[in-house]
Amino acid sequence: MPTIESIEQIVDFIKAALHAAAGEAAAGMPSAFERPKDTEHGDFASNLALLLAPVLHESPRAIAEGIVGRLRLPPEVVDGVEIAGPGFINVTLSPVVLRRGLMAALSQGEAFGRLSTGRGLRAQVEFVSANPTGPLTIGHGRQAVLGDAIARVLDNAGYQVDREYYFNDAGRQIRMLGESVRAQYLTLLGRPADVPEGGYHGEYVRGIAEAFRADRGDAEGETDVDVFSDFGKNAAFGGIQRTLERLRVRFDSYYSEASLYETGRIADTLRAMREVGVSYVKDGAEWLAGTSLGLDQDWVMVRGTGEPTYRLPDIAYHRHKLERGYDLVVDVFGADHQATYPVVLAAVQALGGDTSRFQVLIHQFVTVKRGGQDVRMSKRSGEFLTLDWLLDEVGVDAVRYFFLLRVRSSHLAFDIDLALRQSEENPVFYVQYAHARTAGILRFAAESGIGGEEPFDPTVLTQREELALIREILQFPVVLRQVTESLEPQKITVCLRTVATAFHQFYQHHRVIGDDRELSWARLGLVRATRLVLARGLSLLGVEAPERM
RNA sequence: GCACCCGUAGCUCAAAGGAUAGAGCAUCUGACUUCGGAUCAGAGGGCUGCAGGUUCGAGUCCUGCCGGGUGUACCA
């Protein structure tokens, strides 16, 4: 019997035994050995016989019988092996293994579920990257929470993680902001001015203008627009950072697009493209020869005016990410960037960059429904719902959990009325309640002198609900491995809900603290392990694990 | 027009190509004299948008439609 530090070792052990019993034909065959959807089918199911059937020209069930007949597994590992359905081999773990897994989890403590896949590696996660022209919207919220959770997951896997926010502080958008602020400022001075075409109309622009007036007085009417731009940018950025702080999102670095010009990286990238021969001049503009790189069209890098498009800095920026030595670079973008990243990656690759280090994650947009109607969000028309407003309404835990509940590829319809009406019944409370309950039980045990940290004999844990809960607890590291590979943190929310459910069921059926001291201690150990998983999982999502509610 | 994403229970969403498609919310019926009822037990609810194809096996892969979203700028 192998030493048990995780359920994964047992799985590998049994899987290898199955392959050995299947003979040479199974060598190197990528069989599945996974948890079946239906718990009646055991802890793990192998499809090996199904895969071998076409190779051996035999019925899958006959092959499965052969495998099971030759299978030699220690009885303390496996409780039962069954052939079911078309030829699945279902394996049920023994309570002995489950209990050992529980003890291992408890002895690992905070390290339970921690991985070593990223040990010694550096990762960067870029997300939000909203230009400082106004408050963050609900849509930005999804990205902020998603990127932050991914960073936490990578950190858990042993990566040294940097969170980066890239922003454009020099382009046309910022100039527009400046002109919009100036127009509002002039209006405040009693010299009504129109916000320019394409400018910003939101209420916040007037707020910035008022702040400007309070700061600089009334004599700035003729001042250059750059002054207004700078002021507006700083004001907007300050607001963004306050919002992010409320959302429990912190960045290690803010990367300015303008700095790419100052450091010469723009010019350098342009020069490199010419050297490699992937750019050409046409109609006074400089183009990236996209079609020669497998893209469906060529793209302008430098306009006829001599001003680069946003794509060139993007390429220079991504080259710099690689130069900074990251082993993994995760870009979290909204669906509106889906056309951009293939161009950036193709160009970086053409310039010799190792693009296999990039992971581009596109998340779909959040649409907002209120009163049964879609609310269109457009920052420039001033028509949007801010993240601050949402945080005011439902609180940070609900916002984070809600956004992490969905896969990123799915459109998220945020029904405001529903969110507000159900704010008390948000799924986050179910999991938080389970955690508070574990804390409550442990508190009670300590207060009533039972203790709770005593060593115990796990063999007294024999009830169905106890073993079911242990099974779910032991899934935690497996789930984290999946999440680290797929970068899909919503799997954590599923895992936590399952653990919480198993715990509530256990609690409903069995008294933790009773006359039987030995049993009480063992069950308290189970409660401790539950609490550990819930707290660790919630912390990976950036959601609070309350002691009381 | 073309490219990418999405259509699954009334609603919001899950399901490495695996077995009878699952959860929550909502609806209905039940359950506490004891550790937290924000809980638990149960019921109803589906031609997985439509039509073909590949496969022992398709919600998942391929093709074509239909519907929604996002791109497709010498705007960012």
Side-chain angles (χ1 to χ4, degrees), chain A residues 30 32 34 36-38 40-41 45 47 50-51 53-54 59-60 84-88 90 129-131 133 167-168 171-174 176 198 257 282-287 295-297 299-311 313-314 334-342 362-365 367 402 405-415 418-419 421-422 424-427 429-430 432-434 436-445 447-448 450 482 485-486 490-491 493-494 497-498 500-501 503-514 520 523-524 527 548-549:
Chain A
E34 303 174 323
K37 284 183 224 166
D38 190 339
E40 297 288 306
H41 295 142
N47 65 349
L50 294 164
L51 295 175
S59 89
F88 288 103
N90 294 336
S129 297
N131 285 341
T133 55
F167 66 103
N168 175 354
R172 183 173 161 277
Q173 305 290 337
I174 297 292
M176 277 297 170
E257 181 184 317
K282 192 182 91 181
D283 303 333
E286 185 145 357
W287 297 68
L295 302 171
D296 50 13
Q297 61 174 296
W299 298 94
V300 172
M301 292 288 115
V302 183
R303 287 182 269 257
T305 59
E307 211 181 346
T309 65
Y310 69 94
R311 288 176 221 275
D314 270 0
D336 55 339
H337 278 64
Q338 53 167 288
T340 304
Y341 78 89
I362 302 289
H363 70 88
Q364 293 300 312
F365 277 171
T367 54
F402 194 96
L405 225 35
R406 272 84 183 166
V407 286
R408 61 172 175 272
S409 63
S410 96
H411 297 271
L412 198 161
F414 204 114
D415 187 326
L418 197 68
R421 193 167 63 238
Q422 296 191 333
E424 289 299 306
E425 313 170 352
N426 194 295
F429 291 117
Y430 183 83
Q432 287 186 318
Y433 178 68
R437 200 176 222 185
T438 59
I441 294 168
L442 294 169
R443 209 159 41 230
F444 178 87
E447 283 163 6
S448 51
I450 308 295
Q482 287 171 3
E485 274 166 27
S486 65
Q490 92 283 349
K491 291 180 196 294
T493 67
V494 177
R497 167 156 255 294
T498 314
T501 298
F503 172 67
H504 286 313
Q505 287 170 344
F506 156 72
Y507 178 86
Q508 196 75 17
H509 287 89
H510 307 287
R511 237 195 111 70
V512 176
I513 295 158
S520 298
R523 286 185 173 161
L524 283 167
V527 172
R548 301 168 198 271
M549 288 176 76

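Just so it is clear, the structure is predicted and the values come from calculations on it, not from any experiment. Chain letters run A, B, ... following the sequence lines, proteins first and then strands; every chain starts at 1.
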Completion exercise
Which of B:rA73, B:rC40, B:rA15 is nearest the side chain of A:R311? It is B:rA73

Provide a list of protein-nucleic acid N or O atom pairs under 3.5 angstrom, restricted to nucleotides 1-10 of chain B.
{"unit_1": "B:rC4", "atom_1": "O2", "unit_2": "A:Q338", "atom_2": "OE1", "d": "3.1"}
{"unit_1": "B:rC4", "atom_1": "O2", "unit_2": "A:Q338", "atom_2": "NE2", "d": "3.1"}
{"unit_1": "B:rC5", "atom_1": "O2'", "unit_2": "A:Q364", "atom_2": "NE2", "d": "3.3"}
{"unit_1": "B:rC5", "atom_1": "O2'", "unit_2": "A:S409", "atom_2": "O", "d": "2.8"}
{"unit_1": "B:rC5", "atom_1": "O2", "unit_2": "A:H411", "atom_2": "NE2", "d": "3.3"}

At a cut-off of 3.5 Å, list every protein nitrogen or oxygen paired with a nitrogen or oxygen from nucleotides 41-49 of chain B, distance to 0.1 Å.
{"unit_1": "B:rA41", "atom_1": "OP1", "unit_2": "A:Q505", "atom_2": "NE2", "d": "2.6"}

Handout entry: Separation of the P atoms in B:rG67 and B:rG30, to the nearest angstrom
Key = 47 Å

Completion exercise
Picking from B:rA76, B:rG37, B:rC35, the nucleotide nearest the side-chain atoms of A:Y433 would be B:rG37

Practice task
Using side-chain hydrogen bond (donor to acceptor under 3.5 Å, both in side chains) as the criterion, list what pairs up with A:H41, not counting sequence neighbours.
Solution key: none

Exercise for the section: Answer with yes or no whether A:Y310 presents, from its side chain, a donor or acceptor under 3.5 Å of a partner atom in the base of B:rA76. Expected result: yes

Exercise for the section: Find the distance A:R437:CZ to B:rG36:P and express it as a whole number of Å. Expected result: 8 Å

Handout entry: Atom pair distance, as rounded to whole Å: OH in A:Y507 and C1' in B:rU34
Key = 9 Å

Problem - Whole-Å distance separating the CG atom of A:D336 from the P atom of B:rG71 - result: 6 Å

Fill in the blank from the handout: Writing each nucleotide of RNA chain B 5' to 3' as (, ), [, ], | or . by Watson-Crick or G-U pairing under 3.5 Å yields (((((((..((((....[...)))).(((((.......))))).....(((((..]....))))))))))))....

Handout entry: Under the side chain to side chain contact (heavy atoms under 4.5 Å, CB included) test, residues paired with A:I513 that sit two or more places apart
Key = A:I441, A:F444, A:A445, A:I450, A:L524

Fill in the blank from the handout: For nucleotides 17-22 of chain B, 5' to 3', base contacts (B), sugar-phosphate-only contacts (S) and non-contacts (-) with protein non-hydrogen atoms under 4.0 Å give -BB---

Problem - A:Y430 side-chain proximity, nearest of B:rA38, B:rA76, B:rU39 - result: B:rU39

